[in-house]
Visitor: 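Questions regarding the structure given below will be posed in turn.
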Amino acid sequence: MSQIDDLPPLRQVIETFGIAAKKSLGQNFLLDLNLTAKIARMAGDLKGSDILEIGPGPGGLTRGLLAEGARRVLAVEKDERCMGALAQIAAAYPGRLEVLNADALEVDVAGRLEAPIRIAANLPYNIGTELLVRWLSPTVWPPFWDSLTLMFQREVAQRIVAMPGDKAYGRLALLVHWRTDARIVMDLPPEAFSPPPKVSSAVVHLTALPAPRYPANAAVLNRVVATAFNQRRKMLRSALKPLGADIEDHLNAVGIPPTARAEEIGLAQFCALTRSLTP
Ligand code: SAM
């Protein structure tokens, strides 16, 4: 089966340690180690990097990351049942795998890793977008990580990489495009997972830009974009009214037609409007 290491095949690991997939934890496991090694390679140069992995489960992607040469992996897994399987991997790669049995939404990991840091994960779908938004919204930029290589439902991946005019274009795409280069690097059918989810998936690779693409105050930009897309079918002069009675003047000042709709406006224009509205 697996050629990437000398550990047992994942089906056997799951049986040995009793890790039957739980829906409540978003558990859809990748069992093909050649596929997990391929996903690991999408994360870039692993040899000189520490990797943060969220939700290692029985360890398919973890083994891919280690076999592909990751300097160190810090894996955060909520499900205690996975600890035995992960300890077996840690023993096979001495000093290179640290496992935290914790909730990724609650644990602070930045201080535990050394730069350069890459994040790679087959994320639990119920917390994937929340984690992504957090990683994209630290108080200082550049963030603690250099790149993110993340599995999402295909529909969410499309929202991440969408451009103006695309059906999936909105708040998430603008936040991503402001601070990163992002692209879909792999599509996966439901059958790639066990059990297969109802929808297709995709791996997105995001690289942190050294500085945001255009200057803007993060909180104000977030409010402008949220207000604009809150009523995405409305013209901006009425959708953005909550930002001030003089919003039409600001739109005109930065060259955005007040009759345009949010989905037609690019990042550069949203940032210009943000600067105009920032005291
Ligand atoms: N990485 C494994 C793979 O590719 O086969 C498992 C992926 S599975 C989609 C998601 C994993 O995230 C599960 O192992 C689940 O237990 C874990 N998980 C779910 N919620 C979590 C949370 N809040 N914090 C950390 N891990 C979590």
Side-chain angles (χ1 to χ4, degrees), residues 1-2 4-5 7-43 51-68 70 73-90 97-109 112 118-135 148-157 185-204:
M1 285 258 307
S2 150
I4 74 165
D5 58 34
L7 289 158
L10 283 159
R11 276 187 205 287
Q12 191 180 318
V13 170
I14 286 171
E15 200 170 315
T16 306
F17 293 95
I19 319 175
K22 275 192 193 167
K23 214 174 173 183
S24 60
L25 284 167
Q27 291 182 336
N28 300 99
F29 300 133
L30 290 167
L31 301 186
D32 177 349
L33 288 160
N34 291 308
L35 178 59
T36 62
K38 193 171 162 193
I39 295 169
R41 287 196 290 278
M42 299 290 172
I51 313 290
L52 170 63
E53 185 192 359
I54 305 299
L61 181 56
T62 320
R63 285 163 64 173
L65 291 163
L66 290 163
E68 290 298 318
V73 176
L74 173 62
V76 181
E77 172 58 60
K78 191 173 173 181
D79 186 352
E80 203 179 346
R81 298 176 309 157
C82 300
M83 294 304 118
L86 296 167
Q88 196 176 51
I89 303 170
L97 172 61
E98 184 186 350
V99 180
L100 278 183
N101 186 193
D103 184 332
L105 292 172
E106 277 165 24
V107 76
D108 184 14
V109 291
R112 293 175 176 264
R118 299 177 182 277
I119 300 179
N122 174 14
L123 289 170
Y125 287 140
N126 50 344
I127 63 165
T129 314
E130 178 165 355
L131 282 172
L132 174 63
V133 169
R134 283 192 195 185
W135 287 327
L148 309 172
T149 307
L150 307 172
M151 182 88 67
F152 287 98
Q153 299 178 45
R154 183 153 173 79
E155 172 259 323
V156 177
V185 291
M186 199 191 290
D187 286 309
L188 289 99
E191 311 81 65
F193 301 85
S194 173
K198 289 202 175 70
V199 293
S200 295
S201 301
V203 178
V204 185

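In what follows, residues are counted from 1 in the order of the sequence shown. Atoms within a ligand are numbered from 1 in the order they appear, just like the ligands themselves.
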Visitor: Below 3.5 angstrom, do we get any N/O pair linking Glu77 and ligand 1?
Guide: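 Yes; the residue has a nitrogen or oxygen that sits under 3.5 Å from a nitrogen or oxygen of the ligand.
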Visitor: Does Asn126 reach ligand 1 with a nitrogen or oxygen that is under 3.5 Å from one of the ligand's nitrogen or oxygen atoms?
Guide: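 Min N/O separation from ligand 1 is not below 3.5 Å for Asn126.
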Visitor: Should the proximity of Cys82 to ligand 1, defined as any heavy atom under 4.0 Å, be assigned to the side chain, the backbone, both, or neither?
Guide: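 Neither; nothing of Cys82 gets under 4.0 Å from ligand 1.
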Visitor: Can you tell me how far the CG atom of Leu31 sits from the OG atom of Ser194, to the nearest 0.5 Å?
Guide: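 Here the rounded value is 4.5 Å.
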Visitor: Does the side chain of Val199 reach to within under 4.5 Å of the side chain of Glu155, using non-hydrogen atoms?
Guide: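 Val199 vs Glu155: side chains apart.
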Visitor: Any idea which protein heavy atom is nearest atom 4 (O) of ligand 1, and the distance to it?
Guide: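 Result: Asn122 ND2, 2.8 Å.
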Visitor: If I apply the N/O under 3.5 Å rule, does Gln27 come out as touching ligand 1?
Guide: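 Yes, Gln27 has an N/O under 3.5 Å of an N/O on ligand 1.
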Visitor: Examine ligand 1 and decide if any of its atoms is less than 4.0 Å from a heavy atom belonging to Leu105.
Guide: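 No.
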Visitor: Can you tell which part of Leu123 has a heavy atom less than 4.0 Å from ligand 1: side chain, backbone, both or neither?
Guide: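 It is the backbone that gets close, since no side chain atom is under 4.0 Å.
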Visitor: Does Glu53 come within less than 4.0 Å of ligand 1, judged by its heavy atoms?
Guide: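 The answer is yes: ligand 1 sits under 4.0 Å from a heavy atom of Glu53.
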Visitor: Hey, is the main chain of Ala121 close enough, under 3.5 Å, to the side chain of Glu53 for a donor-acceptor pair?
Guide: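 Judged by distance alone, no pair lies under 3.5 Å.
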Visitor: Consider every N or O of Ala104 and every N or O of ligand 1, then say whether any pair is closer than 3.5 Å.
Guide: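 Yes: some nitrogen or oxygen of Ala104 is under 3.5 Å from one in ligand 1.
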Visitor: Should one rank Pro58, Gly26, Gly55, Gly57 by closest heavy-atom distance to atom 1 (N) of ligand 1, which comes out on top?
Guide: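 Comparing heavy atoms across Pro58, Gly26, Gly55, Gly57, the nearest one to atom 1 (N) of ligand 1 lies in Gly55.
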Visitor: Within a distance under 4.0 Å of any heavy atom of Ala102, pick out the atoms of ligand 1 and give their elements.
Guide: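 Within the 4.0 Å cut-off of Ala102, ligand 1 contributes 24 (N), 25 (C).
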Visitor: Give, for atom CD1 of Ile4 and atom CZ of Arg63, the distance between the pair rounded to the nearest 0.5 Å.
Guide: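 It is 6.0 Å, given to the nearest 0.5 Å.
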